[in-house]
Novice: 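Once you've had a glance at the structure underneath, I'll fire off some questions.
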Amino acid sequence: MRAILSARNVCMDFSNVRVLHNVDVDFEPAKIYGVVGENGAGKSTLMRILSGFLQPVEGEIYFEGNKVVLNPLRAKALGIILIPQELNLVESLRVYENIFLGDEMTRGFFLSKRQMIEETKHLIAQLDLSIDPTVYVSQLSPAQKQMVEIIKAISKRVKVLIMDEPTSSLTDEEVLKLFQIVRNMKQKGITVIFISHRLKEVRQIAEELIVLRDGRKVYQGEIRGLSEKQIAELMVGRKLDEMFPEKPVPGTEIILQVRDLSTADGIVKEASFELHRGEILGFYGLVGSGRTELMEALVGIRKVKAGEVYLFGKKVQIENPQDAKKLGLVYLPEDRKNAGIIQILETFKNTTMMSLEKFSKLLMRVRKEVDTFKSYEKKFDIKVRSPWQTVGTLSGGNQQKVVISKLVETGAKIFLFDEPTRGVDVNARHQIYQIMHQMIGELGCTFVVVSSDLPEVIGLCNRVLIMRNGRIVAEVKGEDLNEKELIYHATGVKEVDAYQV
Amino acid sequence: MRIKFRNFLGKYMIVLVLIGLMIFSGIITPAFLKPRNILNIFWQTSYVGIIAIGITFVMIAGGIDLSVGSMLALLGAFAITTSNKLGNGVGPTLVSILLTYALASLLGLGMGILTTKGKIPAFITTLGGMAIYRSLVLNFANGGVYMSFSRTFSSFGMKFVAGLPLPMIVFIAYAVLAYIVLDKTRFGRYVYAVGANETAAVYSAIKVDTIRTITYIISGVSVATSAILLSSMMASVSSSSTGSGFELDAIAAAVIGGTSLSGGKGTIFGTFFGALILGVVNNMLVMLNVAVYLQGMVKGLIIIAAVLLQNLRK
């Protein structure tokens, strides 16, 4: 079949560094493509070129056989729509206002709100969703925001829909719904380009696979017959060791005990659990089930209404993150960009940010700071040009390693990791798991891991607690630690298998 | 090598701009380069400069302080009034100075607490402060002038030490001290962190509200320093005109020096030279006989050009 959208010999440079090398790629109508590659492989750059947000320094783009020079408006007019990873919604506007932003329906001089609301309702119904068109986008969950972006795309005449990491904030059930929508779009003749880190999902949804590595296309072809492991190996260009190290053997001593903890905002309700020394305890649940909120309450970021916390057998009162840090309890936030790193600060300053008292008497001892960073750079394999490089310019995996180094440097013993590998490439992921094991073995650390990534929860954790509607509803371990069991407890619905449609 | 040169240029660009401006002025009016004139510029710049240093802390931490101009008048009037009450002599003068600093710290603390704990945008709290302070000064003087009757108080502002005017020495010393605090201490690091990313600072167990509040106290103390020097030099404070427009000049000096209005960026080095550039431009406009009414426009253009230049360089 003839391609609807093609790139020929496309090259791209960022500040004199070539990030795309002579990429040739073709997309046919009514087909679902999976695009994978490690962070920095050039996926997003290529997609931004295909949707007109970037101009290639060399090469051409063809649309329906004709050479085109794209800009965002032109691409939109042709029906090429990109849903970026960082969603493009205006939080302070309502759902329908976002959907018609720039294409408002008018009656003479005035906006015809009713018509736009009706049309939005119609689109929402078409996708079998339940979102009120008149609520503000800021009140929606990440998953709902993603859906609004899709509604926005299909409200236009779309021929090629590019989705950059659409599932990173979705639960499995929501992913299922998204996939249904994607398949419907294919039925209507739309080409869907699906970028994801989650290889399992790519295998589920895509018909054809495109693999990028270091700015080059290294594979395009049938996805059938490729295992996740094979895809991962294509991405990193070498054989992978097993992704997860062997599980740690926890001690019997209970070092953290939480009893009937409820947050003041009512999100977490009477949560109770115990944590053993040297253990990796998982928390699984849908988005909004209260996992993050429970972690934030434990480190004093979120107000606690009732409940007791015992650390190393002693009852403690944690009012703020400073208290938690003093007690050896630290939190790695899920939102790395906004809560984990300070983007415009130098990398080494991020590493030492939580333990400056170690690095200053009256004045700061920068030399010592840099040396400390360098030891982490080596130990964690942090890829950085210089300690003075601003941390915001590092790749996701390296940023996360910097955040971990910041937490380790405090000398804490209990680490609450919230989505530690979100937006992190395969290699760095593997390294982060190994770092955790190293910390358990060498420093006697203990971990709580909040994750929406099922393989991660299953492969990494000794035990998993499942939260639903703010309560801890189940504990699974050993034989029971499998996808079916986890999803069953998280949703409360039996016989949901997210991947069998 | 090229990168190093560019970094060097970026860092010292502002010094080159200042030198360029001075050479340019010297060519147009040779009188400009007379040591006496240069000293005068430095002297006149000191008052705004000291305030600009304080405001740099506030701005790097992500805030703004619009109250400094009115506060200058209020603190100056307070210093004059207390020293008048306490009488002549070194002791009473020192007491009145200490009281002025105490009041300034208290006002800064109040602004800080309202902004952080009250969750009011700094623009609003300090805008309120600006109106309140000015109105108080006007009220107590009935719109007139506060005159100093203490010979001790009204003498040190005109003093020269080692051939240099005292305000200039204080300005330089203050800048050095501020540079050390902002660049070399833990507190300084926190100021940058809080301004660059408040959320990440909270998650990093930094006492964000405390750090922010301290920056307002620093701003208050800076205003007090300037107020004491200025009211001593003038031996008076005009309730209506003293300090008016200072907030804009101080913010302008910081911005010209590369301080970001959105926080997290800026240096004392930049602010120091930013203030001097403003001083040179003011002086030049006078020497070139530019109409007084147009001087504001030139200043405005320079501020806009400075930020535009910084953006273009990125």
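First the proteins, then the strands, lettered A, B, ... as listed; each starts at 1.
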Novice: Check Lys337(A) against Asn197(B) and note the closest heavy-atom contact, atom names and distance.
Specialist: O-ND2, 3.7 Å
Novice: Are side-chain heavy atoms of Asn320(A) and Lys207(B) found at a separation under 4.5 Å?
Specialist: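 Asn320(A) does not reach Lys207(B) side chain to side chain.
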Novice: Specify the closest pair of heavy atoms between Thr199(B) and Asn338(A), including all atoms of both residues, with the distance to one decimal.
Specialist: CB-O, 3.3 Å
Novice: Of the backbone (N, CA, C, O) and the side chain (C-beta and beyond), which part of Leu356(A) lies under 4.5 Å from a heavy atom of chain B, both, or neither?
Specialist: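 Both parts, backbone and side chain.
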Novice: Between CD1 of Ile180(B) and CG of Leu362(A), what distance do you get to the nearest 0.5 Å?
Specialist: 9.5 Å
Novice: Does Glu357(A) CD have over 12 foreign heavy atoms under 6.0 Å away?
Specialist: yes
Novice: For Glu296(A), which atoms come within 4.5 Å of any heavy atom of chain B: side chain, backbone, both, or neither?
Specialist: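 For Glu296(A), side-chain heavy atoms alone lie under 4.5 Å from chain B.
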Novice: Can you tell me if NZ on Lys303(A) sees more than 12 non-hydrogen neighbours from other groups inside 6.0 Å?
Specialist: no
Novice: Given heavy-atom pairs under 4.5 angstrom as the criterion, report whether the side chain, backbone, both or neither of Leu363(A) touches chain B.
Specialist: both
Novice: Under a 4.5 Å heavy-atom cut-off, does chain B meet the side chain of Leu407(A), its backbone, both or neither?
Specialist: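 Neither part.
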Novice: Which atoms of Thr410(A) are under 4.5 Å from chain B, going by heavy atoms: the side chain, the backbone, both sets, or neither?
Specialist: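 Answer is neither: Thr410(A) stays 4.5 Å or more from chain B.
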Novice: If you draw a 6.0 Å radius around OH in Tyr136(A), do more than 12 non-hydrogen atoms from other residues or ligands fall strictly inside?
Specialist: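 Check fails, neighbour count at 12 or below.
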Novice: Looking only at non-hydrogen atoms, find the nearest pair between Ile342(A) and Ala200(B) and report the distance.
Specialist: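 In terms of heavy atoms, the two residues are closest at CG1-CB, 3.7 Å.
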Novice: Identify the heavy atoms of Arg189(B) and Glu369(A) that sit nearest to each other, and give their distance.
Specialist: NH1-OE2, 2.7 Å
Novice: State whether the number of non-hydrogen atoms from other residues, nucleotides or ligands found under 6.0 Å of Tyr179(B) atom OH is greater than 12.
Specialist: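 It does not: Tyr179(B) OH has 12 such atoms or fewer within range.
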Novice: So, taking the atom named CG in Asp418(A) and the one named OH in Tyr203(B), what distance separates them when rounded to the nearest 0.5 Å?
Specialist: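 The distance works out to 8.5 Å.
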Novice: Do you know which two heavy atoms are closest between Ala193(B) and Met353(A), and how far apart they sit?
Specialist: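 Of all heavy-atom pairs spanning Ala193(B) and Met353(A), the closest is CB-CE, 3.5 Å.
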